[in-house]
Amino acid sequence: MLAVETAESLIFQAVQVPDAAVDCDWVPLLEAIDRVLAQPVSSELDFPHWDNSAMDGYAVRYDDVATGQVATGQVATGQVATGQPGAITLAVVEEIPAGVAPQQTLQPGQAARIFTGAMLPLGADTIVMQENTQRQGDRVTILVPPRHLGEFVRRRGGFYQAGQPLLAAGTRLGAAEIAVLAAVQCTQVPVYQRPKVAILSTGDELVTPDQPLQPGQIVDSNQYALAALVQQSGAEVLRLGIVPDDPAALQAAMEAAIAQADIVISSGGVSVGDYDYVDGILEALGATIQIRSIAVKPGKPLTFATLPNTLYFGLPGNPVSALVTFLRFVQPALKRRSGLATGWQPNFITAKTGCDLKSDGKRESYLWGKVTFQAGELCFSPAAGGHNSGNLINLAGCNGLARIPIGATAIAAGSDTSVLLMQGIV
Ligand code: AMP
Ligand code: MG
């Protein structure tokens, strides 16, 4: 039995990260959602593209209004407003909605009506928000002077300067990144090809969910769990179905899977039973078996093998074991293989356990349950019911796997515990 850390590093070292020169697709922007950027993106555009207003209000010259005095030489339009000590009045010479280029250069004593996002006219350097003004015809009185030069102006290039790196290769493209690409008019996006992952279920006892169940048979739920997990990890799923425990049939299926996929995941047939043929077939196919079992519970029998162009994961058949070992070992490998530069590692957080967590101490153990926020703290409550590797039912609704380290037999209620997040915290 390999220690979890040893197994993990063997697996991560074997993962080949994609090569942007060969593993790159150019796709339209909306097809890039959730894909991983294969090349760095920069833009020839500044962001904002030009000086613009952050408020509905008036574009002014700061020197005109800063002191509450009109700049020297302004007699016709700049006047101290009656009843407002220090307030001044400017001539409104232009109206600039968003999307329209200003036509005039603002002269001392002048203001332009301006709206959020609209381009600043030449000569203006500061915005006074509408709420701090009073408009009368073609004049505006500044009731509250701006606090500083440039107030409510978004400067050209203030958020991003043309030519600087914008998004790095290896970035996952979520909503914010897609919006950034749209804003800089990047409509064709270089993304890594998704790794192809073949899934097969082994076992004479297995039937598909739409087949009538005969006594003793078991529904192949792993195919569906693994398809969901692979898809959520950003890879392309090739569902290869059920293969009986027949060495010739299994060898043919494994060979076909290895030929067409970057990663093969089978479940079942890796234990020490009479019908567990996976390891032997891998050896016959020339694979290097790197791992046969890991000191983890659930999930001890786990085969990991490397072939020239393919990684092979033989997961245990028990539904919970298959799911836990996928999350702990396969998912990070898949995310790494999909090109993610950061954030591909297992996502452990610290939460307070609501009750005692127990283990036999012989293997690193995982108990499934729910992580929630309670009074501002992350808390973990184990799922009710049996925690054995065949009980798939109480896994539904869980979002975390509490880890009890090897050697530890209990984590007391109220203590901090490390939890592998399976999905978001609600
Ligand atoms: P095995 O590792 O092949 O000995 O299988 C261990 C247990 O997991 C057995 O009870 C199998 O019936 C069950 N099992 C194996 N494969 C699957 C599967 N694809 N879906 C659900 N249960 C399975
Ligand atoms: Mg089996």
Side-chain angles (χ1 to χ4, degrees), residues 1-2 7 197-233 237-254 256-257 261 263-284 287 289 291-305 312-331 363 365-366 368 383 385-396 398 401 422:
M1 278 200 301
L2 283 182
V197 179
I199 300 171
L200 40 96
S201 304
T202 74
D204 285 341
E205 74 280 25
L206 301 176
V207 293
T208 59
D210 56 358
Q211 281 176 296
L213 204 54
Q214 303 301 324
Q217 290 185 324
I218 287 176
V219 179
D220 173 18
S221 59
N222 288 351
Q223 183 92 199
Y224 291 82
L226 293 170
L229 289 163
V230 167
Q231 195 179 312
Q232 287 165 3
S233 309
V237 179
L238 308 170
R239 290 212 303 110
L240 301 188
I242 298 167
V243 189
D245 292 316
D246 165 64
L250 188 54
Q251 176 156 345
M254 285 169 58
I263 295 179
V264 178
I265 305 174
S266 64
S267 66
V270 287
S271 201
V272 292
D274 291 346
Y275 301 99
D276 296 332
Y277 300 121
V278 171
D279 285 22
I281 293 171
L282 280 170
E283 278 162 347
I289 300 193
I291 299 173
R292 289 177 197 271
S293 76
I294 305 179
V296 64
K297 185 182 176 185
K300 180 172 73 174
L302 186 150
T303 296
F304 172 63
Y312 193 104
F313 290 92
L315 303 186
N318 274 312
V320 180
S321 309
L323 212 127
V324 170
T325 51
F326 180 94
L327 290 164
R328 184 66 186 85
F329 302 105
V330 186
Q331 190 174 60
R363 292 179 265 163
S365 300
Y366 288 88
W368 42 105
H387 280 245
N388 74 68
S389 55
N391 185 4
L392 177 66
I393 303 301
N394 67 352
L395 203 55
C398 293
L401 297 167
M422 303 195 269

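No hydrogens, no waters, no symmetry mates; every other heavy atom, side chains included, goes into these values. Every number for a ligand or one of its atoms is a count from 1 in the order of the listing.
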Look only at the side chain of Asn391 and the backbone of His387, and say whether a donor-acceptor pair between them is shorter than 3.5 Å.
-> no
Validation row: Ile294, Arg363 side chains within 4.5 angstrom (heavy atoms) = no
Got Trp368 and Pro298 here, is their nearest side-chain heavy-atom distance under 4.5 Å?
-> yes
Quick check for students: name every N or O atom pair between ligand 1 and the protein closer than 3.5 Å, with distances.
| unit_1 | atom_1 | unit_2 | atom_2 | d |
| --- | --- | --- | --- | --- |
| ligand 1 | 2 (O) | Gly317 | N | 3.1 |
| ligand 1 | 3 (O) | Gly269 | N | 2.9 |
| ligand 1 | 8 (O) | Gly317 | O | 3.3 |
| ligand 1 | 8 (O) | Asn318 | N | 3.1 |
| ligand 1 | 12 (O) | Glu205 | OE2 | 2.6 |
| ligand 1 | 14 (N) | Gly317 | O | 3.2 |
| ligand 1 | 19 (N) | Asp220 | OD1 | 2.7 |
| ligand 1 | 19 (N) | Asn222 | ND2 | 3.4 |
| ligand 1 | 20 (N) | Ser221 | N | 3.2 |
| ligand 1 | 20 (N) | Asn222 | N | 3.3 |

Exactly one candidate in Asn222, Asp220, Thr208 meets side chain to side chain donor-acceptor pair (under 3.5 Å) with Ser201; the answer is Asp220
Walk me through it: do Ile289 and Tyr312 pass the test side-chain contact (heavy atoms from CB on, under 4.5 Å)?
-> CA-CA 9 Å; Ile289 300 193; Tyr312 193 104; over 6 Å; no
Looking at side-chain heavy atoms only, is the closest gap between Asn388 and Val320 below 4.5 Å?
-> no
